[in-house]
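These numbers come from the heavy atoms of this one structure, side chains and all, not from hydrogens, waters or symmetry mates.
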There are 2 protein chains.
Amino acid sequence: MSFVERGLIVRRDDSASVTYTDIARLAGVSTATVSRVLAGSASVSRDRQERVHLAAEQLGYRPNRAARALRRNKSDTIGLVVSDIEYPPIARLARVIESEAALQGLGLMICNTDESLTRQSFYIDLLLQERVAGVIAMPATDDPQQIRSLLDSDIPTVTVDRIVPDHNVDCVLIDNAAATHALVADLLGHQRRRFLGIFGTQDATPSRERLEAVQEQLSTRSGVTLSVRTLSLGSTIGIAQATRRITSIVQESFGSSAYNPDAIICSNAMTVEIVMKTLFERSIRVPDEVSVVGYDDMIGLDLFYSPVTVADQPFDRIGKRAVELLLSRMSGDADRSQRIIRIQPDMQFRDSCGGGHS
Amino acid sequence: MSFVERGLIVRRDDSASVTYTDIARLAGVSTATVSRVLAGSASVSRDRQERVHLAAEQLGYRPNRAARALRRNKSDTIGLVVSDIEYPPIARLARVIESEAALQGLGLMICNTDESLTRQSFYIDLLLQERVAGVIAMPATDDPQQIRSLLDSDIPTVTVDRIVPDHNVDCVLIDNAAATHALVADLLGHQRRRFLGIFGTQDATPSRERLEAVQEQLSTRSGVTLSVRTLSLGSTIGIAQATRRITSIVQESFGSSAYNPDAIICSNAMTVEIVMKTLFERSIRVPDEVSVVGYDDMIGLDLFYSPVTVADQPFDRIGKRAVELLLSRMSGDADRSQRIIRIQPDMQFRDSCGGGHS
DNA sequence: CTGAAAGCGCTTACAG
DNA sequence: CTGAAAGCGCTTACAG
């Protein structure tokens with residue numbers, strides 16, 4: 001072990017670990033050769049290759065990722081920046097990305113922003129300090145300024161779900177217009193005429209595209225009305241308050257002098273959940289009195305008292321594509337234009353729309 | 001910037017970053033002093049402290065975590081080893097741990113094992129390569145041999161949910177006996193007499209403790225029967241096959257010549273979901289014909305066609321305690337005996353048990 | 001309180 | 001194909 005010959009000035013406080021020096025000595029080669037063999041890079045004679053591999057194994061060599069990262073100014077870790085890992089579709093995204101990253105020997109660092117721009121900046125800074133090899137992000141907003149330091153770095157970045165207008169970031173997201181059209185068509189097919197749309201922040205791609213699509217689709221219909229409520233950025237109000245907000249939107253929408261929608265479009269699965277709960281508590285029957293549809297599937301949604309029709313975002317496929325794009329950027333082709341990949345939604349027609357898919 | 005004076009042998013391929021050398025020069029101090037100031041360690045004159053902080057700010061200094069990790073042989077990252085980040089209670093655990101870690105400036109690396117011992121070993125090795133500052137793990141089994149290299153390292157480790165018999169690992173988990181007693185008591189209160197228990201691998205703490213508790217509690221009751229089915233370790237069969245297994249357990253349990261339970265105890269929320277789905281598809285009414293209870297709450301479970309009674313594991317509190325224990329281990333007191341913290345379950349009595357909590 | 005200097009474990013341009 | 005050597009950006013024991 002090299003510790004026997006290390007200077008005495010600084011002592012390691014943990015059990016000595018095996019280094020290239022140890023392997024080199026045992027294999028009778030230089031550390032440069034050890035590096036070449038273990039990195040599988042430059043060509044080394046077969047004989048030496050074997051000796052190095054054997055020595056490494058005998059000594060139980062374990063690479064030191066920090067040393068490698070320092071030398072190469074790039075770690076073998078990628079960062080995942082998301083709003084909320086607890087949101088089931090995002091958990092699925094994380095799972096897929098983690099699994100693909102592991103295949104490349106890359107670690108995955110999770111960064112949960114709660115859609116707070118402050119936390120988002122904090123995490124981007126942390127990832128820059130870490131010199132991560134790449135970042136997959138679902139930024140709180142589409143604003144490039146909010147992730148400026150990441151864009152200005154040379155760290156390959158791919159966004160998911162949200163298009164940041166910058167040539168340096170690819171994006172993978174579903175076809176929100178197609179998803180919306182399918183949902184609205186199903187509602188119209190069930191003779192729904194009074195729509196209530198509950199959408200998220202218009203500072204991010206999905207809710208903006210979805211709202212636009214609904215408005216466009218309904219604008220040509222006569223006798224059909226649309227009432228829209230948008231929520232502000234998650235961070236600015238917090239989850240508890242968002243829940244209260246949605247609950248009150250639903251409550252205010254029903255009653256003798258209210259809008260009384262016969263269809264509610266919810267921009268995500270949490271909204272679906274809150275809406276369904278509020279309707280249940282107020283004994284407003286789904287789908288008899290009102291249809292409910294949403295975006296994003298979630299485990300159990302098909303077992304609700306009225307199974308909910310949704311346009312699922314297939315985050316397993318989205319995650320895989322995102323990793324593909326990221327790896328491609330990581331392996332060099334950095335100076336090209338922005339790639340935007342659209343994935344088709346996975347429609348789940350269930351009873352909440354009116355039963356018997358139209 | 002220091003790049004102007006760096007040797008020419010190796011060129012940085014990215015934009016030059018600010019280092020201690022730059023700060024030291026601008027502040028007119030040594031790099032040692034810069035380190036002392038920015039690490040907030042040894043005492044430095046107020047005057048120099050200010051100059052260093054000012055210089056760091058002016059230059060837009062960003063620490064290099066790899067360099068620090070290499071020098072200290074320990075990174076500012078902790079590892080989280082879990083079976084499946086997509087399982088909602090675990091997603092919550094990850095969220096809490098991530099949030100607590102961020103408060104300490106620690107990154108969180110996610111390791112998803114799918115309960116595969118191979119993947120578990122792979123990830124432990126990765127975390128060792130990373131020289132993580134600590135690990136919180138939900139190991140696939142209680143067997144210390146499976147995480148031997150982690151235990152043999154000097155990396156502080158805390159387990160969650162599963163007790164690994166080794167003095168070097170603290171553990172935080174719920175009081176499985178109390179949870180079980182509460183569930184069984186509720187079932188008995190609703191005159192249930194024919195129990196079917198579907199438990200997970202007996203190689204891990206929770207299912208073992210729960211099964212023991214059920215058996216013990218029912219053994220003193222006359223006229224009450226218990227049929228037990230246990231599933232093997234997740235990895236050995238995979239999720240799809242586990243689903244099929246549970247589905248067929250339920251299907252085989254009902255029919256003229258079958259056991260026909262009037263109460264099903266499910267060892268986790270995924271089992272609850274599969275059982276509820278199978279019963280729904282077979283039109284077996286809950287709770288009229290059979291009660292269903294489980295462990296772990298999950299969003300939406302209260303909106304099921306029959307809201308499900310569960311003993312929730314409060315993973316937010318569990319996660320916080322785990323981080324506390326880990327930080328305490330990380331700050332030194334490593335050579336003490338194993339600490340085991342029991343958290344009380346959070347009972348959610350709902351209709352699936354028979355309505356109107358007994 | 002402070003600085004000069006060594007060294008953490010790798011990678012790689014250079015010179016054979 | 002191979003090795004000697006420099007250097008990545010920090011931290012810290014040592015000597016003032």
Side-chain angles (χ1 to χ4, degrees), chain A residues 1-3 5-14 16-25 27-49 51-52 56 59 61-76 128-131, chain B residues 1-3 5-14 16-25 27-49 51-52 56 59 61-76 128-131:
Chain A
M1 302 297 197
S2 64
F3 75 92
E5 58 177 25
R6 272 184 203 142
L8 294 176
I9 292 180
V10 179
R11 274 285 178 64
R12 302 280 305 289
D13 59 359
D14 75 85
S17 50
V18 179
T19 72
Y20 278 9
T21 308
D22 307 305
I23 298 175
R25 182 165 34 231
V29 300
S30 71
T31 58
T33 296
V34 173
S35 177
R36 292 181 186 115
V37 172
L38 297 187
S41 55
S43 44
V44 174
S45 73
R46 175 165 297 283
D47 170 52
R48 278 159 197 265
Q49 284 191 37
R51 275 168 25 220
V52 168
L59 296 171
Y61 173 70
R62 179 150 31 222
N64 182 320
R65 287 186 173 230
R68 183 179 158 91
L70 172 60
R71 190 54 175 74
R72 309 187 42 182
N73 198 34
K74 184 207 297 194
S75 74
D76 289 306
L128 290 173
Q129 290 182 17
E130 200 70 44
R131 268 69 171 168
Chain B
M1 301 298 192
S2 64
F3 74 92
E5 59 174 24
R6 274 188 199 137
L8 295 176
I9 291 181
V10 179
R11 275 284 179 64
R12 301 281 306 287
D13 59 359
D14 75 84
S17 50
V18 180
T19 72
Y20 278 9
T21 308
D22 307 306
I23 299 175
R25 183 164 33 232
V29 301
S30 71
T31 58
T33 296
V34 174
S35 176
R36 291 183 186 115
V37 172
L38 297 186
S41 55
S43 44
V44 175
S45 73
R46 175 166 297 282
D47 170 51
R48 278 157 197 267
Q49 283 190 38
R51 290 195 338 248
V52 168
L59 296 171
Y61 173 69
R62 180 151 28 224
N64 182 320
R65 287 186 173 230
R68 183 179 158 90
L70 172 60
R71 188 54 175 74
R72 309 187 42 182
N73 198 33
K74 185 206 301 194
S75 74
D76 289 303
L128 291 173
Q129 290 181 17
E130 201 70 44
R131 267 70 170 168

Whole Å only: how far is the CG atom of A/Asp76 from the P atom of C/dC10? 12 Å
Output the single nucleotide from C/dA13, D/dG9, D/dT12 whose closest atom is nearest the side chain of A/Arg36. C/dA13
Supply the atom-to-atom distance A/Thr21 OG1 to A/Arg25 CZ, rounded to the nearest 0.5 angstrom. 7.0 Å
Between D/dT11 and D/dA15, how far is it from one P atom to the other, in whole Å? 22 Å
What's the CZ-P distance between B/Arg46 and C/dT2, to the nearest Å? 12 Å
Would one find a side-chain N or O of A/Arg68 under 4.0 angstrom from OP1 or OP2 of C/dT11? yes
Under 4.0 Å, counting only non-hydrogen atoms across every strand here, what does B/Thr33 touch: a base, just sugar-phosphate, or nothing? sugar-phosphate
Distance check needed: C/dG9 P versus A/Arg25 CZ, whole Å only. 13 Å
Respond yes when some side-chain nitrogen or oxygen of A/Tyr20 is under 4.0 Å from OP1 or OP2 of C/dT11, and no when none is. yes
Starting at CZ of A/Arg72 and ending at P of C/dT11, how long is that distance when rounded to a whole Å? 7 Å
Considering only D/dG9, D/dG3, C/dC10, which nucleotide approaches the side chain of B/Thr19 most closely? D/dG9
For DNA chain C, produce a single dot-bracket line, 5' to 3'. Pairs: Watson-Crick or G-U wobble, both distances under 3.5 Å. Symbols: ( ) within strand, [ ] crossing, | other strand, . unpaired. |||.||||||||.|||
Reckon A/Val34 touches a base, only the sugar-phosphate, or nothing at all at heavy-atom distances under 4.0 Å? nothing
Will you find, in the side chains of B/Gln129 and A/Arg62, an N or O donor that is under 3.5 Å from an N or O acceptor? no
For the pair made of CD in A/Gln129 and C1' in D/dC10, what is the distance, rounded to whole Å? 13 Å
C1' atom, D/dT12 versus D/dG16: distance in rounded Å? 16 Å
Between A/Arg48 and A/Thr31, the residue closer to the 5' end of DNA chain D by nearest nucleotide is A/Arg48
Closest-nucleotide 5' rank along DNA chain C - winner of B/Leu70 and B/Val29: B/Val29
Just to verify, what does A/Arg48 make a side chain to side chain donor-acceptor pair (under 3.5 Å) with, not counting sequence neighbours? none
What is the separation between atom CZ on A/Arg71 and atom P on D/dG7, rounded to the nearest whole Å? 10 Å
How far apart are the C-alpha atoms of A/Thr19 and A/Asn64, what are their side-chain angles, what is the distance that settles it, and do they pass the side-chain contact (heavy atoms from CB on, under 4.5 Å) test? CA-CA 8 Å; A/Thr19 72; A/Asn64 182 320; over 6 Å; no
What is the distance from CG of A/Asn73 to C1' of D/dC8, rounded to the nearest Å? 8 Å
Set of residues satisfying side-chain contact (heavy atoms from CB on, under 4.5 Å) with respect to B/Ala69, sequence neighbours excluded: A/Ala66, B/Ser75
Would one find a side-chain N or O of A/Ser45 under 4.0 angstrom from OP1 or OP2 of D/dT2? yes
With distance as the sole test, does A/Gln49 use its side chain to make a donor-acceptor pair with the main-chain N or O of A/Val44 at under 3.5 Å? yes
Heavy-atom closest pair, residues A/Ser17 and A/Asp22: O-OD2, 3.9 Å
On DNA chain D, nearest-nucleotide positions of B/Ala66 versus A/Gly28: which is more 5'? A/Gly28
What is the distance, to the nearest angstrom, from the NZ atom on A/Lys74 to the P atom on D/dC8? 18 Å
Once rounded to the nearest 0.5 Å, what's the spacing between atom CD1 of B/Ile23 and atom CG of B/Leu59? 6.5 Å
